[in-house]
2 protein chains.
Amino acid sequence: MAPTTTAIQRRSEARHAYDAFLKECPTNQLLARISDKWVSLIVAALGERGGPLRYSGLTRKIPGVSQKMLTQTLRSLERDGLVSRTVTASVPVRVDYELTPLGYNLACLMTAVKDWAETHMDDVLAARAEHDSKAAVPTP
Amino acid sequence: MAPTTTAIQRRSEARHAYDAFLKECPTNQLLARISDKWVSLIVAALGERGGPLRYSGLTRKIPGVSQKMLTQTLRSLERDGLVSRTVTASVPVRVDYELTPLGYNLACLMTAVKDWAETHMDDVLAARAEHDSKAAVPTP
DNA sequence: CCGAATCCAGAAGGATACTG
DNA sequence: CAGTATCCTTCTGGATTCGG
């Protein structure tokens, strides 16, 4: 019997090979992790500050973030050794978050990306308007 | 009556202010866009190549991507003026994708981020193991 | 003040089949 | 070869509530 579904099979095999590959090669995992919206914002916020920031401070510095996402993202960043968490047991508990040296290292790149976004934003906007105007007038 | 729900209200207001802010300041939109997993991988793939790449070529170069995500992401990148799409109407249709100058510009940053991930991956892994081992032994 | 836990709507994304 | 369209599962992430 000739293999009639080779294309499908190959694709499926590629996917499973990819899944297995991820376990051995965590680079993609790490890339996916730092390619997260909240990770970018938190690391950028802590990087711009240059020093420690409290939980409530982060909430104010990143408008629109929910406690859930903030806590969740901070935990993963702490686990990955990118931020340090310091608890001061005062009457109202005080928790400070700060980038580790490794985290500051990443913050530089994040800042560069953010600067790129700010610099070339108008180019992208222009391209988007151009593209949309062409697509919107098929029969003038 | 004293305002007992100020914290909740402030948070809610912050969210709506954020939503309104996004319309006037698309920088965050753009940052979120380029902080996408598939965007990173596609831009990196095209950047490493240095030249045009066909649809099927991209499928092979990015294992695990579905046609849906590949097409969808390419469309958005084209709309944003980061990649160009060239159709050659031969017997089997041939489509080439290539980074625009703006796209190449971004690819440099993406490559830097990818390199960072590859360089500091072991540090992150070590921190992760350290963190997990501490959390896994509360009662020895 | 900092966070954990639960609920749930909606978006993301994969599998599959079909077109030109 | 290069998509498009559809279904369906998974996961994201916001709202809310409770605890230390």
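Any value given below was found using the heavy atoms of this structure, including those in side chains, with hydrogens, waters and symmetry copies removed.
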C:dA15 P sits how many Å from B:Leu70 CG, rounded?
14 Å
Whole angstrom value for the distance that separates P of C:dA12 from CG of B:Asp36
9 Å
Does a donor on one side chain sit under 3.5 Å from an acceptor on the other, for B:Tyr97 and B:Thr86?
no
When you check every protein heavy atom under 4.0 Å of nucleotides 2-9 of chain C, what one-letter string (B, S, -) results, 5' to 3'?
SSS--B--
Where A:Met69 and A:Thr73 come nearest, the two heavy atoms and their spacing:
O-OG1, 2.6 Å
Show every ring-ring contact (aromatic ring centres under 6.0 Å, His included) that has at least one partner inside residues 105-128 of chain A, sequence neighbours left out.
A:Trp116-A:His120
Residues A:Asp80, B:Arg128; criterion salt bridge (Lys or Arg N to Asp or Glu O under 4.0 Å); working and verdict:
CA-CA 5 Å; A:Asp80 290 349; B:Arg128 211 175 278 186; 2.8 Å; yes
Taking atom types as modelled and ignoring hydrogens, do the side chains of B:Thr100 and B:Ser84 form a donor-acceptor contact shorter than 3.5 angstrom?
no
If you only use heavy atoms from C-beta on, which nucleotide in C:dC1, C:dG14, D:dC1 is closest to the side chain of A:Pro92?
C:dC1
